[in-house]
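Step one of this worksheet: look at the structure below.
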Amino acid sequence: MSIALEELQKRHPCFALGEKNNAGRIHLPISPGCNIGCRFCKRDFNDTEDRPGVASGVLKPEEAVDTVRRAVELMPAIQVVGVAGPGDCLATDAALETFRLIGKEFPDLIKCMSTNGLMLNEKADEVIEAGIDTLTVTVNAVDPDIQKQINEFIIWKGKKIEGREAAEILIHNQLEGIKKVAAAGVTVKINTVLVPEINGDHIATVAKTVAERGATIYNIIPLIPQHQLKECKEPTCEELYAARKAAEEYISVFRHCQRCRADAVGIPGGRDISKQIYLRELHLSDTFSHG
Ligand code: CLF
Ligand code: SF4
């Protein structure tokens with residue numbers, strides 16, 4: 001059964017429109033690999049699945065359940081279990097498997113997943129069946145000529161595809177996937193990384209397009225200039241304000257994003273207890289978490 005937006009606004013820190021609600025969340029770093037190459041993301045994608053540092057940095061689904069048990073005991077304000085990396089939630093089955101286990105043991109916690117959406121069209125039924133309550137899809141452009149400047153490649157059906165063709169497939173899968181899960185009652189939030197030189201004038205179009213597919217909340221994340229986009233400039237406050245204003249014509253805008261790490265635990269922008277929860281060193285490189 002889907003959770004009403006009014007309830008999410010009280011219990012979910014990233015679905016609070018207006019005032020910050022001080023609800024807590026735990027991120028479980030259980031998704032090791034990624035299947036696309038965002039130009040602002042520092043990960044080395046060619047060997048993500050097997051690289052020892054990355055493999056030892058992620059939890060197994062059973063370990064994740066135990067971690068949630070300890071976290072809610074230590075901090076009852078935690079209402080949300082989220083998976084936001086370090087790779088993509090739908091690139092492997094780890095996240096969905098974990099959410100099924102969490103749903104059995106903690107039926108009252110909100111299950112929150114984030115994805116780049118490449119596999120969302122194909123895996124929409126599984127997402128719905130796993131009981132995901134809130135889903136975030138990172139959509140940086142809905143025009144392939146813009147998207148190809150932000151995304152370098154996708155791994156699709158075992159093949160690496162680049163450029164415009166990759167962008168077309170990614171956008172198609174994102175939008176079709178959003179439509180399916182939103183129609184099933186999952187609350188969908190869209191994240192867009194704002195790169196003023198590339199998608200600065202495109203935000204209203206993204207907002208309109210995703211709202212038409214059933215997304216209800218929009219979060220604009222300012223670029224952290226790094227990797228292939230290190231020469232791009234970080235958006236100014238004015239640019240961020242203008243982008244939010246443009247989006248607001250079509251969709252409700254969330255404004256309290258903290259650009260969390262994939263292993264953050266606590267209240268975004270408030271108390272963080274991740275050091276107490278993740279007792280062993282997780283060796284997560286400082287990757288972008290798509291929250
Ligand atoms: Fe985590 Fe993301 Fe769920 Fe929130 S974070 S998976 S929706 S529970 Fe929140 Fe952090 Fe911003 Fe993400 S403040 S990065 S929007
Ligand atoms: Fe993958 Fe996320 Fe990095 Fe993009 S930002 S390459 S989706 S891990």
Side-chain angles (χ1 to χ4, degrees), residues 8 11-17 20-46 48-49 54 58 68 71 78-92 95 98-99 109-120 132-140 147 150-155 166 170 173-174 186-193 195 217-224 226-229 253-270 272 274 284-291:
L8 286 177
R11 293 182 57 209
H12 196 314
C14 317
F15 287 71
L17 302 164
K20 194 167 174 292
N21 67 9
N22 289 319
R25 52 88 185 89
I26 175 166
H27 277 175
L28 298 170
I30 49 174
S31 299
C34 192
N35 45 14
I36 70 173
C38 298
R39 293 183 191 274
F40 51 76
C41 182
K42 267 195 295 192
R43 294 171 55 108
D44 178 355
F45 289 90
N46 300 319
T48 42
E49 296 287 343
V54 171
V58 299
V68 173
I78 291 175
Q79 301 276 318
V80 179
V81 177
V83 184
D88 185 67
C89 282
L90 296 177
T92 64
T98 302
F99 279 122
L109 292 179
I110 296 167
K111 293 181 284 305
C112 183
M113 191 171 101
S114 86
T115 177
N116 59 38
L118 179 66
M119 298 305 296
L120 189 57
I132 304 302
D133 301 296
T134 53
L135 180 78
T136 297
V137 188
T138 300
V139 179
N140 293 323
Q147 176 73 294
I150 301 177
N151 178 263
E152 188 188 0
F153 65 86
I154 61 170
I155 305 293
L170 180 58
N173 290 353
Q174 288 172 329
V186 178
T187 303
V188 180
K189 165 161 98 25
I190 303 301
N191 279 357
T192 297
V193 176
V195 190
I217 301 197
Y218 196 54
N219 177 25
I220 300 170
I221 303 180
L223 172 77
I224 300 173
Q226 58 182 12
H227 193 48
Q228 293 174 13
L229 298 189
V253 173
F254 167 69
R255 292 165 194 269
H256 310 299
C257 184
Q258 300 294 323
R259 301 194 287 203
C260 312
R261 282 175 56 101
D263 58 354
V265 186
I267 296 167
D272 186 278
S274 56
L284 289 179
S285 59
D286 228 349
T287 54
F288 177 82
S289 142
H290 357 174

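When a ligand or atom number is given, it counts from 1 through the structure's own listing order.
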Inset, instruction - Run the numbers for me: atoms of ligand 1, each under 4.0 Å from some heavy atom of Cys112, listed by number. - result: 3 (Fe), 6 (S), 7 (S), 8 (S)

Inset, instruction - Run the contact test for Lys189 against ligand 1 with a 4.0 Å cut-off on heavy atoms, strictly below, and give the result. - result: yes

Inset, instruction - Any atoms of ligand 1 less than 4.0 Å from a non-hydrogen atom of Gln258? List them with their elements. - result: 11 (Fe), 13 (S)

Legend entry - Residue portion contacting ligand 1 (non-hydrogen atoms closer than 4.0 Å) for Asn191: neither

Legend entry - Asp88 touching ligand 2 at heavy-atom level, < 4.0 angstrom: no

Inset, instruction - Please identify which atoms of ligand 1 are closer than 4.0 Å to at least one heavy atom of Cys257. - result: 11 (Fe), 13 (S), 14 (S), 15 (S)

Legend entry - Polar side-chain atom of His27 near backbone of Arg261 as donor-acceptor pair, under 3.5 Å: yes

Inset, instruction - Establish, from distance only, whether the side-chain atoms of Ser274 and Asp263 form a donor-acceptor pair under 3.5 Å. - result: no

Inset, instruction - Measure Cys38 to ligand 2 on non-hydrogen atoms and call it side chain, backbone, both or neither using the 4.0 Å cut-off. - result: both

Legend entry - Residues which pass ring-ring contact (aromatic ring centres under 6.0 Å, His included) with Phe15, listed by chain and number, not counting sequence neighbours: His12

Inset, instruction - Sequence neighbours left out, what passes side chain to side chain donor-acceptor pair (under 3.5 Å) with Gln258? Give chain and number order. - result: none

Legend entry - Metal site atom 9 (Fe) of ligand 1: N/O/S of His256 inside 2.8 Å: no

Legend entry - Atom indices of ligand 1, in the order listed, that fall short of 4.0 Å to a heavy atom of Asn219: 15 (S)

